[in-house]
Every structure is written in C-alpha cells, then in structure tokens.
Amino acid sequence: MFDIFSYFGDFESERFVTKVTAPMLFSWRVFAIAVLAALLLNIVSSVLPTWIALRRPIVDQLHDATGRDDSFGFWRRYGGNALVFAEIVLIVLLSWAILDNLTVRTYDSYQPLGYDYDRLVDVTFNSYPAASASYHEEEADSAAHVQSALALMNVLRNMPEVECGTFVKSYTQFEWRGNSSSVFVGSDTTKGHISIDIVAYPYGGDFFATMGIRPIMPEITPAQLDRLPLAPDEVVITRDAALKGYGRIDVVGDSMKSNYQSAFIIRAVVDNVHIKSFINSGVVRFHPDFYNPTLYSDSPWLKTEPTIILRMKEGVRPADFIRSHRDELMQSLKAGNYYCSGLYDFDMKTLRVKNSYGITNTMRVNVILALFLGANVFLGVVGTYYLQTRRRSHEAGLRKSFGATSGRITRSLMAEGMVLTFLAWVIGCVLYWAIVGRHGLTLSMGVSLSTMPDTWVFHYWLHFAVISGIVLIVMLFATLLGISLPAYRISRITPVDALRDE
Amino acid sequence: MDMIKLSGVRKVYRTRQIETRALDNVNIQVPEGQFVAIMGPSGCGKSTLLNIMGLLDGPTAGSVEIAGIRADALKDLAMARFRNENLGFVFQSFYLIPQLNVLQNVMVPLQYRGDMSASQRRELAAEALHRVGLDARLRHYPRQLSGGQSQRVAIARAIVGNPKIILADEPTGNLDSRMGQDIMDLLHGLNQREGRTIVMVTHNERQAKAADRIIRFFDGRQVQ
C-alpha cells in the first residue's frame, strides 16, 4: 500500500506530533473511512429526517405536505434541522484536515529559494575508462586532475554568455541535503544549541556569486563574500540560523561549537536558502571547503569528476545556451581524462531531483487526493445549500406577494446561509482543535523541525488561525455558490409560479 | 375613480406543444370601495385574473391600472413596493408560515417597509389581529389554530399594511359554512366600515350575491 507518511519525517516538538494530524487523511485507509463517513452522513441526513417525519401523526405530515414548512426565521428553521447543521460542522472538520495539509505543502513549495537559480546551467563531466582509447595514463594523477578541471572551467568561463562559474561537489549542490549537526551557540557547550544543516562549499571560487546567495551581514556583494578571506574554522550562516541561535542577525564574530569539533567563528550572514526546493529550510551553515587547486592540489574531491555550475549573463536564458552549445560542448569539451557528459538547466535539475526523491509523485498524489476530497466537501456544501434553498421557492413567492423584491429574497437567503456556515465554522474549528488540532498540525516535511526557519507554520495559534481563516473563506464561497444559483432562480420566477410550486 | 382597470387583458400559457388561452380580451373596471365577486367554473381563468390584478403575474397583452397607475409596467423594485403598499392577499390555503407565531406572521408585509421600527411593526400587527378578533392568540402558532382562525390571521396579514385593495382567492374554500360566514362577515366589515376595495374569487353563489357586483367567467371570457 502506498504510504504517503513516509515523507513526513520525524518531528521533534511535542506540540507538532504528526502521527495524529491531518496528513493521516491521505492514507488510503483513512481516505476510505472518510468516503464511507461522507456516504453515511448523507444517508443519515436524508433518510433519518424522512423516517422521523413519517412517524409523526398523519395530520402533521399532510400539513407539511402543503409545502409551507419553511420560514425565514433562522433559528426555527435550522434549529429544527440539526442534522444539516451537523453535516456542515463535519464538513468544516474535513475541510480543516484537507486544507491544513494542502496549505502548508503549497506554502513550502512556493517559498523563495533564497538564491537566484533562473540563469544557472549545470555542466557535468565523466572520466574516460582506463580501457578507452581516449584515456591517457599520464593525466591520471591528482595534479593532472586539477589542471584538467581548471582548464574546463577556463573554457566555460570564457564563453561570451557566461558571467561566472563555480565548482561544486555533488553534496554541496542544492537539492541535496547536507549533513545536519547540533551546534552550541557560543564557544562552549553550556549554552543552548540549535540543529543546523551543513553545506560545504568550494572556497576560493565564485560560489556565492554564481549561486546568487545574498550576504546581509556584512553588507557586501556575493562576489565580495567570495573574496572574503576565511580560515578553515570560519563559516557563513543563514539569517534564520542566526535568529534561531542568537536571536539577532549581527552575529559576525560570534562563535558556535559542536560536541566533537572546535569552535567556528561566524564571518558572514546570508539570506535564507532552501537546500531543497520542496522543504522550507533556512538554518544552514556554509562551511568553506578549501579545494582551491592552486593552494590545495591534493584536495580529495578533485580526484573525482568535477561538476560546474555556470551563471549566464543578464538576458541569456539557460535553455537557449544549452540548445546552442550542448552538441558542441559534449563533442569537444575535454581536458585530460574528463569529457563533458551533459548540460542541464538548473530548474530542470531541480525537477529531476524531486522526481528522484519521489517528491513530485508524492505531491501529485497529495494534491489529487486533496482535490478529490475537497471537491466532494465543496460539492457537499453546495448541494446541501442548493437543496435547502430550492425547497423555499414557495416561501419566496409568498414573500414576494407581500412586497419582497428579488434582491431582498436573495440577500436574505444568503445572509442566513452565511450565518449558518459561520456558526458551523466556529464549532467545527473548536472541535478540530479539541479532537485533532491540539495534538498536532501539519508541518513542513522532510527535515528536522529544529533546522526549520521560524514561519507561521510553527506558531501554533497563528497556524491555527491561518488555516481556520482559509477554511472559512472556502466554506463561505461554497455557501454563496450553493445558495446563489437556486436563489437567483427562485427570486426571478413570478410569485404565482412560486406559490404554485408545492 | 376606478381602483382597478383592466383593458384588453389576455393571458396565454405556452408550452412547446400546447397553447392555453387563460384570459381573452378582459376589460374590467372596479370602482373604489366596491366588493366584487368573481365566479365561474374551475379552469375558467378566475384565479389567473386575480393574480394579474394582484401583480403576481403579468398579462400577455393589455394593461393593468391600479389606483390610476399603469402597474403592470413597473420594474421589480417599484412593483414590489407598489404591491406592498396597495395590495393585500388572502389565499384559500392561508399560506401562514408554520415556524412563526401569529403575530410574526402578520408582521411579514411590514418587514418590507423600510421606515418602520420593530416595535411599530408589532404594534400594527397586534392592532390588525385585534380587528379580526384574535387578540388572545398572538403567541400561538398556526398549528394551534382552527381553519377559521388561520384565515383570520391571513386577513390580518392582508390588512396590516393598510392596502387599498384586498384580493381573496376562495377565502372560504377550506372552511365549513359557519367559519366561512365569519370570514365573509369580516370581509364585508372591512369593505363597509373601512371602504376597502375587495375582489373575491368564489364558487359560493350565496356569498357572491352578498357582493356589490358579480363578474362571471367562462372559458377565459367575461360573460357577465
């Protein structure tokens, strides 16, 4: 059985335990239960009132059969029809569960990544196998690898469309989660700690300029940050890492320490970045990796094939660059034992990584289920109000004969529906909080809670208020739709036709 | 002065296959303060005529003047206001709203008078109920009333807005003869004491004879 929960990760806050929250609705078992519950609810709300009505004295049934069992008296009408009210309350509960999940996932997906990926091209390289005719034994040592990699970089950087470029290791690329570590704020382990994702970056190149990661402390350009002299124990952290660890962003010169490492000095703070586009992560430490082949020619990562990220100049679209140069570069871009094996639009690469994680399918299934359930919920509200309103055409005719206008009747019907929905929403939200919400709300997926930036998602009551507001908007929209169609119809027919409609 | 004037009124109901002529070239003038009974066999167009007089339905051709105003040409808002201020309806099936008590039912037409407070509405409704002899039933619900009492409430609802014209569609059709006579006495009292113009559809020859004038219909045409 497909288990969508496997993507929801483990969360550390007691308040946000996910095992009893909205995402559960996206398992097939709970989904089936929800569908059966909806069916049962519909049966109960239609059959039960009929059964009760049929047990009443025949004279009362005949009285009702005249079609006069309606009024505009809100409480008399709906107070006597508690099942409809209960149905709307249950729909609010279901909507809450669906929209909580969908809203948080959508919010995460559309968060700015924090770096400028619009003009990035990913160039990958392979090595000729030893048995190949193109393989050169003399190019196989570390020094030759370094020279080959630099030669490749030189060719690419000098292309007219290219602004700058950087070497990256596979695990330093975005869309890949770096190691995460628990670090203590300050130089000793007696102070509070935060969990932080670590991204090793190639020091000495144009990493920040190429990726478009913006420094905020000190106020310098990405290119200046690349040239900022750093020692191996000096790091760059993100804004949320600073806020989460120190409660401020002016942390340049402060230190952090992990249990098994010496203290790191913070030399710069950059804007938040997502190390994966489908999660909302901003607590990152950029750890300089002193790969620079001119200084550290024996750096181990240069013994493997390089990957180069290129930033295109303003106005150059990666897709155009790739279309123009792919064949040429894959045929002729070689140095030592390396040859160009592919050019990719960074955006497309992001998509591929998502696919490789199963995230794309997960999100699709997530959205499809949410849309299916949401459509049922929505149609349930619309249908309930549609039928409720249609039953009242006789009353509308009576009111018209005594001077009500079409607009007045429509407004009255809508106002009643809105009040009913609002009350059901209040009760539904309180019930959701009492039954499910107090145990946990939907969170971002895939990473440890402690490395997440501080957003509304993690503020319990703010989160509750945001989703409740969205539920209210959706419910009111469904209410208006459900009422307006029949209300428009019955408000336009002549009083005599409405009175005849018994 | 003619309170109601119908000129060349025709009413045709059309479906894809059938065309039914409910009224054909009807010309009627009803002077102010007259009590008119409309009679005729079932399906002859009596109720259609009443509906057109009451602006509940429009004529296919011809014109409808009420109190000197070409009422059938009014727009929705103006027609609703005109209906509210000038016309009161009494239906055969009472059409009371079962979830509202007697007082609230009578207040319904006053809800559409914008310049009236809730206490004024209650006061006027109570007064109308007093005039039909139901002072003691203000808090009762329609289910707790007899047919005659229900029709009295319907009459109170029809007169509460002080309309010039009362249109009654077989107001005693669902009542026994004693209750029917009570209702007729009430309508005659409204006509004679208050000078209201009353147009009543009835099958009862005796009740019709008590009216100032009888208009007879047959097959959509006025025959008398």
Side-chain angles (χ1 to χ4, degrees), chain A residues 53 56-82 84 388 391-413 415-416 487-488 490-502, chain B residues 11 13 22 47-58 74-101 104-114 141-145 147 150 154 157-158 160-161 163 167 169 174:
Chain A
R56 295 168 60 205
I58 291 171
V59 65
D60 286 350
Q61 291 177 35
L62 287 172
H63 189 80
D64 289 349
T66 61
R68 289 170 289 143
D69 191 17
D70 289 316
S71 81
F72 275 46
F74 178 80
W75 283 115
R76 294 193 189 288
R77 177 184 303 284
Y78 291 111
N81 204 351
V84 173
Q388 285 282 318
R391 282 176 53 202
R392 299 172 67 180
S393 60
H394 175 270
E395 179 189 349
L398 183 64
R399 298 256 172 191
K400 270 191 160 183
S401 69
F402 286 106
T405 59
S406 301
R408 174 86 181 242
I409 288 172
T410 306
R411 284 196 299 277
S412 297
L413 291 167
E416 275 186 27
Y488 180 81
I490 66 175
S491 67
R492 292 301 181 273
I493 60 176
T494 63
V496 72
D497 285 337
L499 287 169
R500 201 182 286 137
D501 186 21
E502 294 190 14
Chain B
K11 181 67 181 177
Y13 294 106
S47 293
T48 302
L49 179 71
L50 203 70
N51 291 334
I52 287 174
M53 283 181 177
L55 308 177
L56 299 182
D57 205 356
L74 293 172
K75 300 284 184 194
D76 186 41
L77 185 64
M79 189 180 282
R81 185 173 296 166
F82 188 84
R83 207 186 279 135
N84 179 263
E85 290 172 355
N86 294 285
L87 301 165
F89 296 90
V90 179
F91 302 100
Q92 182 180 0
S93 299
F94 324 138
Y95 289 157
L96 300 181
I97 297 171
Q99 287 86 359
L100 303 184
N101 66 29
Q104 290 166 332
N105 264 288
V106 176
M107 285 166 64
V108 165
L110 302 180
Q111 289 177 354
Y112 307 111
R113 298 266 170 104
Y141 284 87
R143 215 172 279 256
Q144 299 167 304
L145 303 176
S150 294
R157 181 178 60 186
V160 71
L167 302 168
D169 192 358
N174 281 350

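Here is the naming used below: chain letters follow the sequence lines, and residue numbers restart at 1 for every chain.
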Chain A heavy atoms under 4.5 Å from B:Phe82: which part of the residue, side chain, backbone, both or neither? neither
Quick one: closest heavy-atom pair of B:Ala80 and A:Ala404, and the distance? CB-O, 3.9 Å
Please determine whether side-chain contact (heavy atoms from CB on, under 4.5 Å) holds for the pair A:Leu398 and B:Ile97, giving the CA-CA distance in whole Å, both sets of side-chain angles, and the decisive distance to 0.1 Å. CA-CA 9 Å; A:Leu398 183 64; B:Ile97 297 171; 4.0 Å; yes
B:Gln111/A:Arg408 under side-chain hydrogen bond (donor to acceptor under 3.5 Å, both in side chains): CA gap, chis, key distance, verdict: CA-CA 11 Å; B:Gln111 289 177 354; A:Arg408 174 86 181 242; 5.3 Å; no
About how many Å separate CZ of B:Phe89 and CZ of A:Phe402, when rounded to the nearest 0.5 Å? 7.5 Å
Counting neighbours of CZ on B:Arg113 that are heavy atoms of other residues, nucleotides or ligands and sit closer than 6.0 Å, is the number greater than 12? yes
Let me confirm one number: the CG-OG distance from B:Leu55 to A:Ser401, rounded to the nearest 0.5 Å. 11.0 Å
Output, in order, the C-alpha distance, side-chain angles, deciding distance and verdict of side-chain hydrogen bond (donor to acceptor under 3.5 Å, both in side chains) for A:Thr405 and B:Asp76. CA-CA 7 Å; A:Thr405 59; B:Asp76 186 41; 5.2 Å; no
The interface call for B:Arg157 against chain A, heavy-atom contacts under 4.5 Å, is both
